[in-house]
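To keep things clear, I will list the structure first and then write my remarks on it.
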Amino acid sequence: MVTFRYLLVLMFFLVFSNSFAQTQTQSKIFLEQFKPLVGQYFEGEIIEGAKEGDGFTGKRLLMEVLSYDEREVKIPFYVGDDKSRTWILSYSNNVLTLKHDHRHQDGSADDVTFYGGTSTNQGSETIQVFPADNETCQMIDYACQNVWWITMDGTTYTYNLRRIGSDRLFSVKFDLSKSVKSNFKPW
């Protein structure tokens, strides 16, 4: 009798814990990886698409996990002294949206800002893919063929852009295993 009760309790625990684990979507798990990184800066390097005169090559590349809440992460991307770029990941309806917030030196919004895309599914814990959305297509017609993806595996973060139908590819990789000191803040 004790064995049967033990077995029932064990089965209840397994069913309950399994159903609880399934309530976390892959996209939510992906987003939560940023939580312990808030306030930290990480150095990066271009691993694909570097070209002389592109504005990135030869500059110090830093990302900062500026903020995290249950629905949004803000990640400024500093290129040399240029503090104009922030990646924003937003969680809604079990999927993530990536938007690019571009600012002028005085902090005012650039004419081309908040472009990006929304994942078509939950993705995985280590990769999220964002095809260009309609807003982006209307704002920047040539970016309508853009697909962005972000990877996160605990030790590295990559931001990637591929323009479908062209040879345009850009990838930057950040080492999350060691944070660096900086006092940069976005405009």
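In K178, the NZ atom is not crowded: 12 or fewer heavy atoms of neighbouring residues, nucleotides or ligands sit closer than 6.0 Å. By the neighbour-count criterion of 12 heavy atoms within 6.0 Å, atom NZ of K74 is sparsely surrounded, having that number or fewer from other residues, nucleotides or ligands.
A heavy-atom distance below 4.5 Å is not found between the side chains of V172 and T158.
Listed by first then second residue, pairs satisfying disulfide (SG to SG under 2.5 Å) with a partner in residues 154-187 number zero, not counting sequence neighbours.
Between Y115 and E135, the side chains place no donor N or O within less than 3.5 Å of an acceptor N or O (distance only, hydrogens not considered). With 3.5 Å as the limit, one finds no donor-acceptor pair spanning the side chains of S90 and T97. A donor and an acceptor atom, one from each side chain of Y91 and T25, are located under 3.5 Å apart.
Of the charged side-chain nitrogens involved, none lies within less than 4.0 Å of a carboxylate oxygen, so that E125 and K28 do not count as a salt-bridged pair. A salt bridge links R103 to D101: one of the charged nitrogens lies within less than 4.0 Å of a carboxylate oxygen.
Residues passing the side chain to side chain donor-acceptor pair (under 3.5 Å) test with E43, sequence neighbours excluded: R60.
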(request) For side chain to side chain contact (heavy atoms under 4.5 Å, CB included), just list the numbers for W87 and V73, CA-CA rounded to whole Å, side-chain angles, deciding distance to a tenth of an Å, and then say yes or no. (result) CA-CA 8 Å; W87 298 312; V73 173; over 6 Å; no
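Using modelled atom types, no side-chain atom of E72 and backbone atom of Y68 make a donor-acceptor pair closer than 3.5 Å.
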Pair up each side-chain donor or acceptor in residues 136-145 with any protein partner under 3.5 Å, not counting sequence neighbours, and list the distances.
from: T136; atom 1: OG1; to: G116; atom 2: N; distance (Å): 2.7
from: T136; atom 1: OG1; to: G116; atom 2: O; distance (Å): 2.8
from: T136; atom 1: OG1; to: D133; atom 2: OD1; distance (Å): 2.7

